[in-house]
Amino acid sequence: MRIALAQINPTVGDVDGNAAKAAEWIARARDEGAGLAILPELCIPGYPAEDLYLKRHFLRANQRAVEELAASVEGITALVGFVEPVADREDPRRAHNSTAVIADGAVQTIYRKNRLPNYSVFDEQRYFVPGTEPLAIDLGELRVGLTICEDVWAPGPPAQAEAEAGARLIANPSGSPYHRGKGREREEMFCQRSRAYGAYFAFCNLVGGQDELVFDGQSLVTAPDGSVIARGAQFEEELLVCEVPHSGSGPLAEPLGDLDEVYAALTLGLRDYVGKNGFKHVGLALSGGIDSALVAMIAADAVGPDRLSCVVMPSPHSSSETQGDAREIAANLGCELLEVEIEPMMASYEQALTGYLDEPDRAVPRDPTKPSEPDLTAENLQARIRGNLMMALSNRHGWLVLTTGNKSEMSVGYATLYGDMAGGFAVIKDVPKQLVYDLVRRRNERAGRELVPASVLDRAPSAELRPDQRDEDSLPPYEVLDRILEAYVERDEGREEMIAAGLPAETVDEVIRLVDRSEYKRRQAAPGIRITPKAFGKDRRLPITNRFGG
């Protein structure tokens with residue numbers, strides 16, 4: 001049988017639009033001669049729709065859309081993900097995560113997801129009632145077992161039971177979110193399942209950005225010998241068509257390299273956040289530093305340079321070199337550049353606060369365990385002036401303001417509330433500092449020219465909020481900091497584990513203290529794109545008031 005995997009990009013809540021998209025791709029699959037079309041998990045309501053799944057009128061709208069879609073489907077069988085209302089009105093969970101089997105103008109049967117993930121970014125046990133039974137359907141001489149995403153991530157039923165009951169193909173509609181290296185992990189898992197059960201597996205994944213998550217597609221079909229016989233593209237919609245049983249390999253898109261994959265995820269995540277939320281234009285503060293340079297590159301690629309404005313806001317501490325680099329970056333990207341001097345505003349703030357900032361008995365230290373830091377107030381004023389100006393431009397022109405802080409800075413609180421954290425979307429919020437450099441170098445390499453000048457890459461990182469400031473005046477070297485953050489934030493390692501791995505004890509203690517103390521800032525940060533196995537947000541939920549430490 002010819003099967004078609006439709007990795008599509010639905011929009012959460014756009015029930016009718018998603019159903020229309022599903023109908024279009026099912027028709028394309030039929031025109032390609034496919035007998036079975038597989039669409040992703042929950043593609044009609046969108047995924048994850050969070051507490052929309054608890055609204056009965058939302059469930060009714062999605063159910064009606066599936067029924068209307070089914071009435072239009074002839075000449076092919078389609079597997080379509082939707083939320084199926086449950087009969088028990090007392091249960092706060094009001095739905096099953098289900099796949100409708102559609103053929104001959106009607107819903108023929110329904111499979112309900114058995115295994116509901118409740119870790120990392122997943123909250124499915126909050127919303128869904130689990131199914132309890134495997135299900136296989138016969139399409140001519142081919143028996144097809146039905147699963148949904150998590151159902152196959154561990155060995156055993158329902159996939160094993162379906163294979164033992166004669167299923168030659170296990171269909172797996174999925175909403176599997178991206179993180180760095182996730183595609184390789186998935187592919188290895190599906191190859192293992194195919195070998196173990198002697199069956200073909202067809203994994204059809206979502207594509208697109210949904211708030212902080214990105215879905216990367218890369219749908220695939222694996223054979224009983226554990227080989228991959230078809231693989232879809234990453235980060236773009238595609239109809240992946242192949243024969244089961246197969247006589248040879250089908251289309252096999254080559255996976256992107258590591259850095260290109262991360263960059264593509266960030267680009268798609270931003271493009272969909274802008275497009276699905278109706279923004280026409282984006283803006284960012286371009287300092288001439290590495291972080292804002294990367295965000296500007298991603299924005300130009302995501303929405304086009306004609307929809308990007310970069311704002312240079314020099315202070316007395318801004319070097320001529322960084323300002324020159326900022327102007328060159330904007331020119332290289334072909335975007336609008338605005339310049340606003342902030343020195344007069346700094347003087348106005350200082351004048352208004354005369355007598356309030358220089359009285360020792362009024363000084364409150366940033367950290368109760370340390371002496372007061374007199375330069376901090378002036379530094380934060382600069383950042384907040386810039387934040388105010390960016391938000392004023394946003395209000396006037398309808399921009400989405402992009403913040404430029406990276407994961408290393410967000411981890412340790414090296415950011416100013418209502419200053420450089422002011423904005424609507426934090427593009428590189430989950431990108432560690434060292435990876436920022438790697439991504440800029442790789443994008444320059446792909447362009448075949450220096451979109452970002454070498455001087456930006458070579459210059460020591462600095463916020464330029466006081467004379468001769470360097471990030472390493474306040475932070476450990478980034479190569480050490482990022483190792484500690486990966487261990488503490490992403491792997492949940494404790495102090496002793498990190499020290500045993502060779503990380504310096506004093507630095508470990510300082511970083512743990514900074515990370516824990518900065519939780520309140522992260523709660524107020526803009527949403528940003530998840531590209532690591534554990535991002536700040538749904539992945540990592542810790543109390544602000546917390547005396548445990550490392």
Side-chain angles (χ1 to χ4, degrees), residues 1-10 18 21-22 24-30 32-44 46-47 76-81 97 99 111 113 144-153 159 168-179 181-194 199-210 213-224 226-246 249-256 261 264-265 268 272:
M1 175 179 285
R2 180 169 293 180
I3 66 171
L5 284 62
Q7 58 176 48
I8 60 174
N9 185 348
N18 294 340
K21 181 184 284 280
E24 174 191 346
W25 285 73
I26 291 169
R28 287 180 56 184
R30 183 182 59 233
E32 290 285 336
L36 174 66
I38 306 173
L39 280 74
E41 176 181 13
L42 294 169
C43 61
I44 298 302
Y47 181 74
I76 191 172
T77 297
L79 306 182
V80 178
N97 181 341
T99 293
Y111 171 75
K113 188 174 184 178
V144 180
L146 304 185
T147 62
I148 299 173
C149 203
E150 187 77 8
D151 284 336
V152 304
W153 276 84
R168 293 287 314 281
L169 171 68
I170 307 296
N172 187 249
S174 287
S176 181
Y178 169 81
H179 64 70
K182 181 72 171 287
R184 292 185 294 277
E185 297 171 20
R186 280 195 307 247
E187 190 164 301
E188 290 171 6
M189 182 274 292
F190 277 104
C191 290
Q192 291 171 4
R193 297 289 175 272
S194 279
Y200 292 88
F201 274 72
F203 159 76
C204 182
N205 196 21
L206 288 167
V207 171
Q210 171 56 31
L213 299 182
V214 176
F215 298 89
D216 57 319
Q218 205 170 5
S219 301
L220 56 89
V221 181
T222 54
S227 62
V228 177
I229 62 170
R231 183 191 300 115
Q234 291 172 282
F235 307 108
E236 59 186 71
E237 293 185 313
E238 182 179 357
L239 189 70
L240 184 65
V241 180
C242 73
E243 302 287 340
V244 174
H246 74 299
S249 292
L252 281 166
E254 190 66 26
L256 298 172
E261 172 188 284
L268 177 58
D272 274 2

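Note that the structure is a prediction, hence the values are computed from the model and not measured.
Summarising the geometry, atom CD belonging to Q218 is positioned 11.0 Å from atom CG belonging to L240; distances are rounded to the nearest 0.5 Å. With rounding to the nearest 0.5 Å, the separation of CD1 in I8 from CG in N18 is 7.0 Å. The structure places CD of E32 at 12.0 Å from SG of C242, a figure rounded to the nearest 0.5 Å. Of the inter-residue distances, the one linking S174 atom OG with L39 atom CG reads 12.5 Å to the nearest 0.5 angstrom. Atom CZ in F203 sits 10.5 Å away from atom OG1 in T147 (nearest 0.5 Å). A distance of 9.5 Å separates CD1 in I229 from CD in E243, rounded to the nearest 0.5 Å.
Checking side-chain atoms of Q7 against main-chain N and O of P40 turns up no donor-acceptor pair under 3.5 Å. A distance-only check finds no donor-acceptor pair linking the side chain of R193 to the backbone of F201 [under 3.5 Å]. Using a distance-only test at 3.5 Å, with no hydrogens or angles considered, no donor-acceptor pair links the side chain of T99 to the main chain of G81. R2 places no side-chain N or O within 3.5 Å of a backbone atom of G35 that could act as its donor or acceptor partner. Counting only distance, with no hydrogens or angles, the side chain of Q234 and the backbone of L256 share a donor-acceptor pair below 3.5 Å.
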H179/E185 under side-chain contact (heavy atoms from CB on, under 4.5 Å): CA gap, chis, key distance, verdict: CA-CA 10 Å; H179 64 70; E185 297 171 20; 3.2 Å; yes
Residues L36, M1; criterion side-chain contact (heavy atoms from CB on, under 4.5 Å); working and verdict: CA-CA 8 Å; L36 174 66; M1 175 179 285; 4.0 Å; yes
Trace of the side-chain contact (heavy atoms from CB on, under 4.5 Å) decision for C191 with V228: CA-CA 7 Å; C191 290; V228 177; 3.7 Å; yes
Derivation and outcome, side chain to side chain donor-acceptor pair (under 3.5 Å), residues Y178 and E261: CA-CA 10 Å; Y178 169 81; E261 172 188 284; 2.9 Å; yes
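No side-chain heavy atom of R184 sits under 4.5 Å from any side-chain heavy atom of P255. You'll find the side chain of S219 stays beyond 4.5 Å of the side chain of E238, heavy atoms only.
For the side-chain contact (heavy atoms from CB on, under 4.5 Å) with E41, the lone residue among V80, N97, L79, N205 that qualifies is N97. With V207 as reference, L268 is the one residue of L268, V214, D272 to meet the side-chain contact (heavy atoms from CB on, under 4.5 Å) rule.
Between C43 and P10, the shortest heavy-atom distance links the atoms O-CB, 3.5 Å. Annotation for T222 and S194: closest pair OG1-OG, 2.6 Å, computed over non-hydrogen atoms. Pairing each heavy atom of I38 with each of A202, the nearest pair is CD1-CB, 3.8 Å. The two residues R186 and D216 make their nearest non-hydrogen contact at NH2-OD2, 2.7 Å. Pairing each heavy atom of I170 with each of A199, the nearest pair is CG1-CB, 4.3 Å.
Every residue two or more places apart in sequence or in another chain that forms a side-chain hydrogen bond (donor to acceptor under 3.5 Å, both in side chains) with Y111 is listed here: N114, D151. Applying the salt bridge (charged side-chain N to carboxylate O under 4.0 Å, His left out) rule to R168 yields no partners; only residues at least two apart in sequence or on another chain are considered.
By the 30° and 60° cut-offs, the orientation of the rings of F190 relative to W153 is perpendicular. Below 30°, between 30° and 60°, or above 60°: for Y200 and H246 the angle between ring planes is above 60°, a perpendicular geometry.
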